[in-house]
Amino acid sequence: MPELPEVETLCRQLVKTITGQTLLDILVLDSKLPEITELTGRRVSRVERRGKKILLSFDDGQILAVHLRMTGRLLWQEEVKEIPQYTRLILTFTAGRVFFIDPRRFLTIQKERDSSSYHGGVDPLQNLTPEYLAARGRPRKGSVKSFLLDQSVIAGIGNIYACEILHHAGIDPARPACRITDAQWHRIALSTKEVLGRAVACRGTTVSDWRDFHGRKGSFQHELRVYRRAGLPCPRCGKIVARCLIAGRGTYFCPGCQV
DNA sequence: CGAACGACCTGTTCGC
DNA sequence: TGCGAACAGGTCGTTC
């Protein structure tokens, strides 16, 4: 679930909530997760996003990298209540507790040395240019959709937003990246910023169980044009939205206005 | 280097 | 109604 807009939403809420807070206790409830007891007593100095990862920096220089994968969530509680179902880790801070929730147990946390050792792709909200896309896309025979999903090219786009961006740009997701024209790369760069920016403003997309740090739904699901809308008319041209498989992922597109 | 595919997990939805 | 198959926001390792 969490793609860039959802992770960005969590990050902004984490910054406001736990920056400066001291980590009083750590409870690991899933044997797949590493022991991180040495963080006990440390103060959170910084929270930032790298693609879909969240980096928590502590006052002694240690960094915790969190990746929520498909179904991971973070939930903040100030009062002590019942532990939510599928909680895999609990961090207790001075002012409250952070629950790491994930039914599928894909969520990962790992200690990292320093935040500059990141080698992912560009951040689509910051440095994305048509020239960069064209240069990286030119040698690739695979579909433009799997190109947009490649985290070493652009960090943060997932399946929902890849579908929505390509619809916004009016481009067939199955088109090989090497056959995208400069004018189309231009549109893709603009649509990426447009769609992701709007989704961040909506605090993400709640298609099934996504919730933000305070348990609230996002609202971008009301603005989806093609994702999970197979059989419904395209809001732009009226043709029926289709679904196909690209690189093993369900892909939604409009055969009428995506060429 | 690039691309396709199975694996990792568990819950929900769909078709017969 | 019941049951198995298909599908779900994401990566990663293997193989070609």
Side-chain angles (χ1 to χ4, degrees), chain A residues 1-11 29-34 49-54 65-75 84-89 100-110 112 118-121 124 133 135-166 173-180 195-196 199-200 202-213 216-224 226-231 242-252:
Chain A
M1 153 186 3
E3 305 182 28
L4 183 148
E6 290 77 24
V7 178
E8 177 67 20
T9 298
L10 282 174
C11 254
L29 299 170
D30 185 341
S31 56
K32 289 180 71 183
L33 297 176
R49 180 180 61 76
R50 288 278 194 287
K52 296 173 196 168
K53 271 189 197 166
I54 297 168
V66 178
H67 198 304
L68 298 170
R69 307 284 171 139
M70 299 274 267
T71 45
R73 290 173 48 196
L74 299 181
L75 182 68
Q85 195 178 18
Y86 309 122
T87 297
R88 309 297 180 192
L89 172 69
F100 290 63
I101 303 165
D102 187 9
R104 288 176 77 175
R105 302 173 65 209
F106 283 169
L107 172 157
T108 59
I109 58 172
Q110 52 195 138
E112 243 162 57
Y118 175 77
H119 291 301
L133 289 175
R136 297 292 305 267
R138 202 167 291 126
R140 303 190 42 155
K141 293 179 196 158
S143 67
V144 63
K145 190 201 172 200
S146 36
F147 174 73
L148 292 184
L149 287 172
D150 185 335
Q151 302 299 301
S152 70
V153 177
I154 309 171
I157 298 177
N159 202 37
I160 296 177
Y161 297 110
C163 293
E164 292 299 314
I165 287 165
L166 288 170
R175 175 175 288 270
C178 58
R179 291 191 38 228
I180 299 288
V195 169
L196 295 179
V200 169
C202 289
R203 296 183 356 276
T205 302
T206 299
V207 287
S208 61
D209 54 6
W210 156 254
R211 296 292 186 281
D212 71 11
F213 200 40
R216 288 193 303 161
K217 292 182 179 183
S219 62
F220 195 72
Q221 64 275 17
H222 304 302
E223 304 187 21
L224 294 174
V226 287
Y227 184 76
R228 290 206 188 173
R229 289 178 51 83
R243 179 185 184 274
C244 68
L245 229 49
I246 292 179
R249 314 291 304 275
T251 301
Y252 300 83

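Just so we're on the same page: letters track the sequence lines, and every chain starts at 1.
Distance CG (A/D150) to C1' (C/dT11): 11 Å, rounded to an integer number of Å. Taking atom CG on A/L107 and atom P on B/dC8, their separation rounds to 18 Å, with Å as the unit. In this structure, CH2 of A/W210 is placed 15 Å from C1' of C/dG10, rounded to the nearest angstrom. Here B/dC5 presents its C1' atom at 12 Å from CG of A/L245, a figure rounded to the nearest Å. Going from atom CD of A/Q110 over to atom C1' of C/dC12 covers 12 Å, rounded to whole Å. With rounding to whole Å, A/I101 atom CD1 is found 14 Å from B/dG11 atom P. The distance from atom NZ of A/K145 to atom C1' of C/dG10 is 12 Å, rounded to the nearest whole Å. Rounded to whole angstrom, the span from the CG atom of A/D209 across to the P atom of C/dG10 amounts to 13 Å.
Atom name P, nucleotides C/dT1 and B/dG11: the rounded distance is 23 Å, in whole Å. Only the P atoms considered, B/dG6 is 12 Å distant from C/dA6, to the nearest whole Å. Rounded to whole Å, the C1' atom of B/dA3 lies 23 Å from the corresponding atom of C/dG9. B/dC9 and C/dG13: their P atoms are spaced 14 Å apart (whole Å). Taking atom P in both C/dC7 and B/dC5, the straight-line distance is 14 Å, to the nearest Å.
Between A/Q151 and C/dT11 there is a side-chain polar atom (N or O) within less than 4.0 angstrom of OP1 or OP2. Considering only side-chain N and O atoms, A/K52 lies nowhere under 4.0 angstrom from the phosphate OP1 or OP2 of C/dG9. A/H67 has a side-chain polar atom (N or O) that falls below the 4.0 Å cut-off from OP1 or OP2 of C/dT11. Remark: A/K32 is in phosphate contact with B/dC9, judged by side-chain N or O atoms under 4.0 Å from OP1 or OP2. For C/dC7, neither phosphate oxygen OP1 nor OP2 lies less than 4.0 angstrom from any side-chain nitrogen or oxygen of A/R249. Look at A/R138 and you won't find any side-chain N or O under 4.0 angstrom from OP1 or OP2 of B/dG2.
Here A/G248 lies out of heavy-atom contact (under 4.0 Å) with every strand. Within 4.0 Å (heavy atoms only), A/R88 reaches no atom of the nucleic acid at all. Nucleic acid contact for A/Y252: sugar-phosphate only, since backbone atoms but no base atoms lie under 4.0 Å from a heavy atom of the residue. Residue contacts shown for A/Y227 are limited to sugar-phosphate atoms, with no base heavy atom under 4.0 Å away.
Between A/D150 and A/R136, none of the side-chain N atoms (NZ, or NE/NH1/NH2) sits under 4.0 Å from a carboxylate O, so this pair counts as no salt bridge. Using a cutoff of 4.0 Å between basic side-chain nitrogens and carboxylate oxygens, A/D30 and A/R105 are scored as salt-bridged. Look at A/K53 and A/E112 and you find a salt bridge, because one of the NZ, NE, NH1 or NH2 atoms lies within 4.0 Å of a carboxylate O, short of that distance.
Pair assignment for B/dC5: C/dG13, on the basis of Watson-Crick or G-U wobble contacts that are both within less than 3.5 Å.
For the pair A/R211 (side chain) and A/T206 (backbone), a donor-acceptor distance under 3.5 Å is absent.
With C/dC12, C/dA8, C/dG9 as the candidates, the nucleotide lying closest to the side chain of A/R69 is C/dC12. Of all nucleotides listed (C/dG10, B/dA3, B/dT10), B/dT10 comes nearest to the side chain of A/Y86.
Residue side chain A/R104 reaches the base of C/dA8 through a donor-acceptor N/O pair under 3.5 Å, judged by distance alone.
Remark: ring of A/F106 not stacked against base of C/dT11; the cut-offs of centroid gap under 5.5 Å and plane tilt under 30° are not jointly satisfied.
Among A/L107, A/I101, A/D102, the one residue that satisfies the side-chain contact (heavy atoms from CB on, under 4.5 Å) test with A/T71 is A/D102.
Classified by interplanar angle (parallel below 30°, tilted 30° to 60°, perpendicular above 60°), the ring pair A/Y161/A/F220 is tilted.
Here the side chains of A/L133 and A/I154 are in contact, with some heavy-atom distance below 4.5 Å.
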